[in-house]
Each structure stands twice: as C-alpha cells, then as structure tokens.
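Structure first, then comments.
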Amino acid sequence: MINVLKSYKELSSTVADIVEYQIQEEPLTKLILPTGSTPLGLYDELVNRELDWKHVITFNLDVYLMNVKHPESYQSYMKKNLFDRTNIYPDHCHFPFRPFSAFEDKITNSMGIDLCILGIGSNGHIAFNEPGSSFKSRTRVVNLSEQTIKDNSRFFDSIDDVPKQAITMGLGTIMESKRIILMANGNHKLNILNVAMNGEVTEDVPASILQNHNNVEVYYCD
Ligand code: PGA
C-alpha cells in the first residue's frame, strides 16, 4: 500500500503526473490541497508543466488562525507557491472560512472532490486533525498539539510565534473525497506512516482512517 519512490524529485513528479492527468481528463476538477514542506516540489512541478487551471476549483485543508497577510499564513503560501504562478481564478481558491457549515456546503455543492492531496504530520495528523480527533469530525477550530507547534516552529522566528490554533477540514470531510493521495517525504515519517497504514485504525492516529477509504494511494521517499 505504501509506494516507495527513489527521491523527492520522483515523489513530486509522480504526484504531479496524477494531478496533471486529472486536470486534463476533467478540466472542471475539484481539488483539496495541502501546505507544509512536502508539497513544495509538487507545486514546482505543476507550475513548470503550464497546465490550464482556468476551470479548476481548489479547497485548502487548513489555515492557521492568524493574519492572512503574514508570509507564513497558508493563504500566502498558496499564492506564492502555486496560485500566483498559474492561471487559476482567485475566486476558485477556497480556504476554510466561517460559518464552517457554509464552507462545507461549498464543497458539497461543488459536486464533490475529485482528488485530495494530503501530507502527514509526525504525530499522524492529516490536515490539522490532531490525535484524538473524531473520525466524524467536520471543519472546525482546533488547538494545535505541542508536537505540531514544535514541528512547525522551523517556519517562524521563534516557537512563540507559531499560531496555537487553526481551522481545519474534518476527517469526515476529507474522507468524502473520491480519491486521496498521501505524500510523505523523509525517513522521520516512515514509522508513523507504517503505524497509520498498517496498524490499528484508531482516532489516536488520525491518518489511520485512510485504511477505511477505497481509493487511497500513499507515496513515500526517504
Ligand atoms: P510537512 O507537514 O510537509 O511540513 O512535513 C506535513 C503535515 O504536517 O501534514
């Protein structure tokens, strides 16, 4: 179930092939997109392929509760790494917003997500669904775990600057996607990836819920 690739370049280009094929087959594709360091190579690949994003609609998995203009906000990240480098319409790029029921309705009314790309946190989170999150969870405000704050402090001047809260899609929201790709880069992710994909399906390991989905692929490189 875990596809092991030879390099980060191969991880990025393999997932870019899947996204490219999806957009070519269905120009009106609806995507769920991640942030973090893992998808940076994927976004570079996609930009270089000069795809037509005119009809594509995106939903981001999560956002920090912080000033959206801050360079480390996920809105800034997506603009810098993907949106400003493609012909996607800004109005087609959605981030979790209040009221959360309206955000969820937007996903549902889009006729469903064709492809959801995920990363995995070192504690097994997907999006910001930290260990203990309900498998039925929907979009909501969450407190980030100490582990996540520590992991993400590398993007900020100090650990005190890392936002403590976020809005995240729920595990229930993510699981309604028609197809899910999980990307993991680096040896430090291998253990949690194995636990999530081959261990017990439990809310203590949020990514383990993916074992219950019938169209999931996992790509890993060390
Ligand atoms: P990373 O984050 O890509 O920066 O390792 C993954 C995640 O926390 O989902």
Side-chain angles (χ1 to χ4, degrees), residues 2 4-5 7-16 19 31-46 58-66 70-78 80-82 95-96 115-133 137 139-140 142-156 159 161-171 173-175 177 180-197 203-210 213 216-222:
I2 300 176
V4 180
L5 299 172
S7 63
Y8 180 62
K9 171 103 189 108
E10 201 184 329
L11 173 71
S12 304
S13 64
T14 301
V15 180
V19 177
L31 300 173
I32 290 181
L33 296 176
T35 46
S37 48
T38 309
L40 287 170
L42 163 67
Y43 294 148
D44 271 343
E45 275 280 338
L46 289 172
T58 67
F59 296 89
N60 265 81
L61 283 166
D62 45 20
V63 286
Y64 289 124
L65 273 182
M66 72 187 305
H70 188 286
E72 291 304 330
S73 77
Y74 286 165
Q75 290 88 342
S76 300
Y77 171 106
M78 290 306 297
K80 176 169 158 222
N81 295 303
L82 186 70
F95 294 87
L115 181 61
C116 168
I117 314 283
L118 298 174
I120 183 169
S122 64
N123 62 0
H125 74 204
I126 48 177
F128 277 135
N129 293 285
E130 302 286 27
S133 297
S137 54
T139 303
R140 66 205 188 283
V142 290
N143 295 323
L144 300 182
S145 70
E146 271 180 40
Q147 184 63 51
T148 297
I149 291 171
K150 193 161 147 257
D151 288 350
N152 289 6
S153 64
R154 69 192 192 279
F155 299 111
F156 292 85
I159 196 160
D161 294 337
V162 184
K164 308 290 179 286
Q165 288 191 308
I167 307 174
T168 184
M169 278 186 199
L171 294 169
T173 323
I174 291 168
M175 286 291 280
S177 307
I180 299 179
I181 306 288
L182 178 68
M183 304 176 77
N185 171 32
N187 211 287
H188 61 296
K189 295 281 178 79
L190 188 55
N191 183 46
I192 190 65
L193 202 54
N194 265 320
V195 169
M197 293 304 132
E203 290 177 349
D204 294 338
V205 183
S208 67
I209 194 176
L210 298 175
H213 195 284
V216 176
E217 291 142 80
V218 180
Y219 294 95
Y220 165 81
C221 70
D222 61 15

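Each residue takes its place number in the sequence, starting with 1. Read the numbers this way: they start at 1 and go in the same order the structure lists the ligands and their atoms.
- Under a 4.0 Å criterion applied to the non-hydrogen atoms of His125, ligand 1 contributes the atoms 7 (C), 8 (O), 9 (O).
- For Gln165, the CD atom is densely surrounded, since the number of other residues' heavy atoms within 6.0 Å is greater than 12.
- Atoms CD1 and NE2, on Ile192 and His125 in that order, are 10.0 Å from each other to the nearest 0.5 Å.
- Classification of the Tyr74-Phe128 ring pair by plane angle, with boundaries at 30° and 60°, yields parallel.
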When you look at Glu203 and Ser133, which way does the side chain to side chain donor-acceptor pair (under 3.5 Å) test go after all the steps? CA-CA 6 Å; Glu203 290 177 349; Ser133 297; over 6 Å; no
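- Of the residues listed (Ile180, Ile32, Leu31), the one engaging Leu115 in a side chain to side chain contact (heavy atoms under 4.5 Å, CB included) is Leu31, and it is the only one.
- Residue contacts with ligand 1 do not include His188, since none of its heavy atoms lies under 4.0 Å from the ligand.
- When heavy-atom distances to ligand 1 are checked against a 4.0 Å cut-off, Ile126 has no atom that comes that close, whether in backbone or side chain.
- Remark: ligand 1 atoms within the under-4.0 Å shell around heavy atoms of Gly121 are 7 (C), 8 (O), 9 (O).
- Heavy atoms of other residues, nucleotides or ligands lying less than 6.0 angstrom from NZ of Lys150 number 12 at most.
- Within ligand 1, counting atoms from 1 as listed, the ones closer than 4.0 Å to a heavy atom of Lys189 are 1 (P), 5 (O), 6 (C).
- Less than 4.0 angstrom separates some heavy atom of Thr38 from each of these atoms of ligand 1: 1 (P), 3 (O), 5 (O).
- Taking atom 6 (C) of ligand 1 as the reference point, the nearest protein heavy-atom neighbour is Ile120 O, 3.5 Å.
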